[in-house]
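Each chain gets a letter, A, B and so on, in the order the sequences are listed, and its residues count up from 1.
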Amino acid sequence: MSKWSVIGAGVAGLTVACELSARGESVTVYDTKGLPGKQSCSWWAGGMLAPWCESEKAEEPVLRLGRKAIAWWANRTEITKNGTLVVANKRDAPDLKRFGRRTGGFCKIKDVQLLKLEPDLTGFDDGLFFAEEAHLDPRRALRDLHNYLINQGVKISRQTAPSNLGNTIDCRGLSARDVLKDLRGVKGEMLIIRCPDVRLSRPVRLLHPRIPLYVVPRGDGVYMLGATMIEAEDRGRITARSMLELLSAAYSLNPAFGEAEVLEVGVDLRPAFPDNLPRIRRRGRTIYANGLYRHGYLLAPALAQGVADLALENKHSEMVDEDSS
Amino acid sequence: MKPFYGTQLPSRMMLGTAQYPSPAVLAQAFRASKASVATVSLRRESGAGETFWRMIQDLGVLILPNTAGCHTVKEAVTTAHMAREVFDTNWIKLEVIGHADSLQPDVFQLVEAARILAADGFQVFPYTTEDLIVGEKLLDAGCEILMPWGAPIGSGLGLNNEYALRAMRAEFPDVPMVIDAGIGLPSHAAHAMELGFDAVLMNTAVAHAGDPVEMARAMAQAIEAGTKAHRADPIEARDMAEPSTPVIGKAFLT
């Protein structure tokens, strides 16, 4: 058994710590903020475990590796496996067609079936139902991982990681840009609203040529609305345009969203490499695991396994960069 | 090929930089498309997205900043000034949107903004409709290039009004003209070239294709084919068959 230091208590750091600890290693997680929270972009995530939907735009590994994430999370936190519903307003019917053409793992549903699934979605004739997909509450998932690690005897330190740590896994997300020069931030903006008048029991995606939206139920009438994808690296505040677009898209799903209370506004930067796929790189005694982009919960389990394989068995999974020695 | 504000472009393809699955795909698509100009939207991606900008600059193509998303003269002029500072170029693709759903240009504000910007030393690439008179006013305002739409942005409908585009081409034979917006297929791009336009500008057709890189390659080939066809002086379409073999001795006058 050797000692490992994991820097960063976001979804990447905590899943890596879980994986190492599960393989019998001694682990300390360093994060100056201690508990998982606003400092991590995974705090602001949607928490959709939606590999089929994501495959519309993402590269092939996202579907293959992401499928395994559902079972991984089900063992560690509460997940809801109600599938995903994808709809489009009538005038955007070509977008629904295209989405169907480029994904798989769904069945086409119509009128009555659609209303049976989500009675509060009136006004949509057609939809795609991805029955195998799931969602989780990211904040609860992070807390559950955190508690699990404490129970496993993993130390979570609020101190700055000492510089001569030895075996280190760097999971600092975008902060690791000081070393990983090809990492960039992709701005995301989201809202958390309470709207008990609308009842949705699964994530709903509304396709739109310019303003795609997803709504993820968090229980008790609370919903996460997300998320913009902007090639910008300021994490200041949400723009009026983004908020307008998110809310009007929600309003077009169900006008009752107009009465929602806005509970939270989140803005952060997703760490991403040029192909938007995660990477594992080894430099000396430090392993960098980063670039989860918008697939934090979907790909963190595979990333963590890749890190553990490299760290403990010198096995190079596909996420390991070739320049890694 | 006519120079664009004194610059000889190495290719007739201008490509937008928005909405690709990833910057890596964007870069590959650019290489495959042989695009010589990249349009970038300052307004939408306005943060300190330095890494993304660097990737765009690394493409090694000319940068044409645009005023996408602007609805008034004032917004467009301000955005143009910001773009000049950020990208260190006098080029500006001027868009003043008049209609939220069709993104049709507001040609009245467009002409006004063009006049202000041209007087201020900008080299304006105006996104306009196929209207001849608007084209004239834009040239009067100081534009030396016209960019009529083929169809609404992102619609992929191709060249909606071929008659008017032909008329425009004939009216301004010496003005570099770019078909901007509406291209969905390589055949649309080839069509634009066959009509004698100098370049095409597209974004969605490539970025939203299932395989953007393959589509970019197809577009490049179509542009090449259309350009050659135009140069080769195509035959006129006609209603009656014109036999390519001698007809003497046959009862062809029946």
Side-chain angles (χ1 to χ4, degrees), chain A residues 54-60 62 89 91-92 94-95 97-103 174 177 180-189 207-212 228-239 241-242 244-245 248 267 269-277 279 291 293-295, chain B residues 16-31 38 40-59 68-71 75 79 82 86 97 100-103 151-157 181 184 203-205 207-213 215:
Chain A
E54 287 299 313
S55 70
E56 187 232 351
K57 280 217 155 164
E59 303 276 340
E60 178 275 332
V62 173
N89 288 310
R91 48 186 258 174
D92 300 324
D95 290 318
K97 242 164 109 182
R98 186 187 65 187
F99 198 91
R101 236 177 23 238
R102 299 205 181 146
T103 55
L174 202 57
R177 249 194 316 189
L180 307 171
K181 300 293 183 199
D182 49 349
L183 203 60
R184 77 185 195 287
V186 181
K187 187 177 180 181
E189 298 154 309
L207 305 182
H208 185 277
R210 296 194 304 283
I211 321 165
T228 57
M229 301 273 295
I230 304 175
E231 289 289 348
E233 294 183 322
D234 69 316
R235 66 179 104 197
R237 297 204 169 85
I238 192 168
T239 60
R241 175 199 296 264
S242 293
L244 261 172
E245 288 178 348
S248 48
V267 182
L269 299 178
R270 312 166 176 93
F273 288 108
D275 59 1
N276 294 340
L277 288 174
R279 296 265 192 295
Y293 182 51
R294 59 180 266 155
H295 302 127
Chain B
T17 53
Q19 302 184 341
Y20 290 81
S22 69
V25 172
L26 182 156
Q28 288 166 34
F30 260 81
R31 279 193 292 274
V40 292
S41 160
L42 191 72
R43 209 173 159 72
R44 185 68 178 148
E45 325 276 352
S46 62
E50 300 302 337
T51 324
F52 186 72
W53 290 140
R54 231 183 14 249
M55 289 178 195
I56 303 286
Q57 266 147 5
D58 287 349
L59 296 171
C70 292
H71 292 253
E75 271 183 297
T79 306
M82 282 166 58
V86 172
I97 299 302
D101 281 342
S102 68
L103 302 178
I153 294 172
S155 67
L157 290 170
N203 191 155
T204 313
H208 278 192
D211 184 341
V213 182
M215 186 58 84

Quick check: closest heavy atoms across A:R241 and B:G69, and the distance to 0.1 Å?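 So the two residues come closest at NH2-O, 3.9 Å.
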Could you tell me which portion of [X] (side chain, backbone, both or neither) has an atom closer than 4.5 angstrom to a non-hydrogen atom of chain B?
| X | result |
| --- | --- |
| A:K181 | backbone |
| A:L269 | neither |
| A:E59 | side chain |
| A:R91 | side chain |

Gap separating the CG atom of A:D182 from the CZ atom of B:R54, nearest 0.5 angstrom: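 One finds 9.5 Å between CG of A:D182 and CZ of B:R54.
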Does atom CZ of A:R237 have more than 12 heavy-atom neighbours, drawn from other residues, nucleotides or ligands, at distances under 6.0 Å?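 No, CZ of A:R237 has 12 or fewer neighbouring heavy atoms, counting only those of other groups under 6.0 Å.
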Less than 4.5 Å apart, side chain to side chain, heavy atoms only: is that true for A:N276 and B:P23? yes
Interface residue of largest heavy-atom contact number with chain B, from A:E56, A:R184, A:K57, under 4.5 Å: A:R184
Chi angles and distances behind the side chain to side chain contact (heavy atoms under 4.5 Å, CB included) call for B:Q19, A:E231: CA-CA 10 Å; B:Q19 302 184 341; A:E231 289 289 348; over 6 Å; no
Part of B:L103 within contact of chain A (heavy atom distance under 4.5 Å):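 Answer is side chain: those atoms of B:L103 sit under 4.5 Å from chain A.
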